[in-house]
Amino acid sequence: MANQRRLADNTNRYEAGHRGAPRKGIALLQGLAVCGQCGRRMTVRYSGPDGACPVYCCLADRNQTGSSLCQEVRAPAIDEQVARILLKALEPDQIAIAIAALNEIAEETRSLEKQWALRRERARYDAERARRQYDTVEPENRLVARTLEKAWEDNLRLVDEIEQEYRRWRDREPLVLQAQDHAALQELAENLPAIWHSETTQPEDRKRILRFIVQEVVLDQKKIRGQVAIRILWQTGATSEHQIQRRVHLTIETMANSSLCVSGSRNSMLRAIWTGKSPKS
């Protein structure tokens with residue numbers, strides 16, 4: 001199922017919400033950029049004399065209704081900012097903090113898992129007891145048989161509902177890392193900056209790395225006058241918000257302000273990014 005979802009997502013149909021496979025173009029957020037005005041996925045076009053400057057465009061309104069562009073945002077400064085945020089989140093010291101936070105989450109998950117196990121076991125036991133009661137009733141005692149049959153069906157339905165709730169809970173829970181994963185993450189944090197900035201690393205390789213950590217990036221240059229608002233949705237489910245200042249007629253933009261939407265200290269911010277849970281107040 002995971003491979004099927006990945007194959008479907010690699011389809012280059014932005015209008016259907018697919019990200020498309022990473023391509024060779026230098027636009028880092030190809031397939032990840034989402035319009036902050038309408039919520040549709042943005043495409044990429046290249047401008048400039050040599051077509052070397054990527055621009056994120058929302059063409060949905062123009063394609064569907066013939067109206068003007070929803071918005072378009074120059075990519076270089078956006079890509080630089082997102083890459084900076086990514087590498088900052090994956091620094092060795094912050095990885096250590098994240099691992100400690102994930103260990104706390106893992107302990108909470110194990111405790112909840114035990115509670116779910118007891119609840120599921122009790123539901124199955126009640127269903128089995130109802131079945132045995134139904135099996136022991138005399139066939140000629142139809143009224144009692146119908147009553148016991150209904151009780152059995154109700155218990156089976158409850159078992160199914162609890163199993164569905166359990167699966168939904170498992171899907172919402174953050175990934176629990178094993179001990180060997182901790183070492184792999186530390187090694188990744190130490191080597192990633194060199195790999196990211198290496199001349200041999202291709203644009204599509206950087207895009208693949210980014211997609212492991214980031215689900216989508218919402219861009220909105222109309223929300224705040226003179227700035228581009230950036231909202232990053234991390235794969236853990238956490239969201240961080242940042243802004244960069246726009247400069248007319250300039251391709252390179254400078255960072256004005258950057259702040260995570262979750263409150264608290266630097267450690268709390270990192271915990272939210274990695275675990276998908278808001279820091280404790």
Side-chain angles (χ1 to χ4, degrees), residues 1-21 31 34 38-41 98-182 184-185 211-216 233-239 261-262 271-281:
M1 289 299 293
N3 288 337
Q4 292 176 352
R5 287 194 296 270
R6 189 175 297 110
L7 288 172
D9 196 36
N10 284 342
T11 304
N12 293 321
R13 292 180 58 205
Y14 293 154
E15 69 277 5
H18 298 302
R19 299 188 300 181
V34 172
C38 68
R40 298 183 179 96
R41 206 164 292 278
I99 289 176
L102 287 171
N103 286 338
E104 293 180 14
I105 299 298
E107 187 62 32
E108 295 175 7
T109 299
R110 282 190 287 269
S111 176
L112 291 173
E113 187 74 58
K114 292 179 181 178
Q115 296 178 31
W116 273 108
L118 292 173
R119 186 181 176 191
R120 295 164 66 205
E121 181 181 0
R122 179 54 191 252
R124 289 192 295 266
Y125 171 80
D126 290 342
E128 177 61 20
R129 184 178 61 178
R131 183 195 65 80
R132 291 197 303 268
Q133 291 174 341
Y134 173 76
D135 287 343
T136 58
V137 71
E138 296 294 336
E140 58 272 13
N141 198 342
R142 296 179 181 178
L143 180 59
V144 175
R146 282 197 297 269
T147 301
L148 292 176
E149 183 180 21
K150 184 180 182 304
W152 182 21
E153 291 174 349
D154 290 343
N155 278 278
L156 289 175
R157 191 177 300 109
L158 181 60
V159 168
D160 184 62
E161 291 174 356
I162 290 176
E163 289 297 327
Q164 291 184 30
E165 289 180 23
Y166 172 72
R167 286 192 292 270
R168 286 193 294 268
W169 172 77
R170 291 298 305 171
D171 291 341
R172 291 193 304 267
E173 282 300 293
L175 178 66
V176 176
L177 298 181
Q178 304 301 321
Q180 59 269 26
D181 298 323
H182 296 176
L185 280 173
R211 291 182 179 204
F212 278 119
I213 310 298
V214 172
Q215 184 173 335
E216 68 180 28
L233 175 60
W234 302 82
Q235 290 288 3
T236 58
T239 302
C261 66
V262 291
R271 174 191 173 101
I273 289 176
W274 276 92
T275 65
K277 295 193 175 184
S278 300
K280 296 178 180 178
S281 57

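All values derive from a computational prediction rather than experimental measurement.
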> Just how far is it from atom CG of Asp171 to atom OH of Tyr166, taken to the nearest 0.5 Å?
Replying inline: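 Reported to 0.5 Å precision, the distance equals 10.5 Å.
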>> Rounded to the nearest 0.5 Å, what separates atom CG in Leu112 from atom CZ in Arg119?
In response: 12.0 Å
>> Test salt bridge (Lys or Arg N to Asp or Glu O under 4.0 Å) on Arg124 and Glu121; report intermediate values, then the result.
In response: CA-CA 5 Å; Arg124 289 192 295 266; Glu121 181 181 0; 5.9 Å; no
Testing the basics here: between [X] and [Y], what is the closest heavy-atom pair and its distance to 0.1 Å?
X: Gln235; Y: Phe212; result: CG-O, 3.3 Å
X: Gly39; Y: Val34; result: O-CG1, 3.5 Å
X: Thr109; Y: Trp169; result: O-CH2, 3.9 Å
X: Arg41; Y: Glu216; result: NH2-OE1, 4.1 Å
X: Ala127; Y: Val159; result: CB-CG2, 3.9 Å
X: Ile162; Y: Ala123; result: CD1-CB, 3.6 Å

>> Is there a salt bridge (Lys or Arg N to Asp or Glu O under 4.0 Å) between Arg131 and Asp135? Walk through the geometry before answering.
In response: CA-CA 6 Å; Arg131 183 195 65 80; Asp135 287 343; 2.5 Å; yes
>> Among residues at least two apart in sequence or on other chains, which ones pass side chain to side chain contact (heavy atoms under 4.5 Å, CB included) with Arg122?
In response: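 Counting only residues at least two positions away or on another chain, Arg122 forms a side chain to side chain contact (heavy atoms under 4.5 Å, CB included) with Tyr125, Asp126.
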> Taking only residues two or more places apart in sequence, or in another chain, which ones meet Asp154 in a side chain to side chain contact (heavy atoms under 4.5 Å, CB included)?
Replying inline: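 If we apply the side chain to side chain contact (heavy atoms under 4.5 Å, CB included) test to Asp154, skipping adjacent residues, the hits are Lys150, Arg157.
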> Quick one: are Trp152 and Gln133 in side-chain contact, heavy atoms under 4.5 Å?
Replying inline: no
> Would you call Arg146 and Glu149 a salt bridge, taking side-chain N to carboxylate O under 4.0 Å as the test?
Replying inline: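 Looking at Glu149 together with Arg146, the answer is no, because their closest N to O distance does not fall below 4.0 Å.
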> Do Glu113 and Arg110 sit within salt-bridge range, that is, some charged N less than 4.0 Å from a carboxylate O?
Replying inline: no
>> Is it the case that the side chains of Asp160 and Gln164 hold a donor-acceptor pair, with the cut-off being a distance below 3.5 Å and no angle test?
In response: yes
>> Please determine whether side-chain contact (heavy atoms from CB on, under 4.5 Å) holds for the pair Arg167 and Arg170, giving the CA-CA distance in whole Å, both sets of side-chain angles, and the decisive distance to 0.1 Å.
In response: CA-CA 5 Å; Arg167 286 192 292 270; Arg170 291 298 305 171; 5.6 Å; no
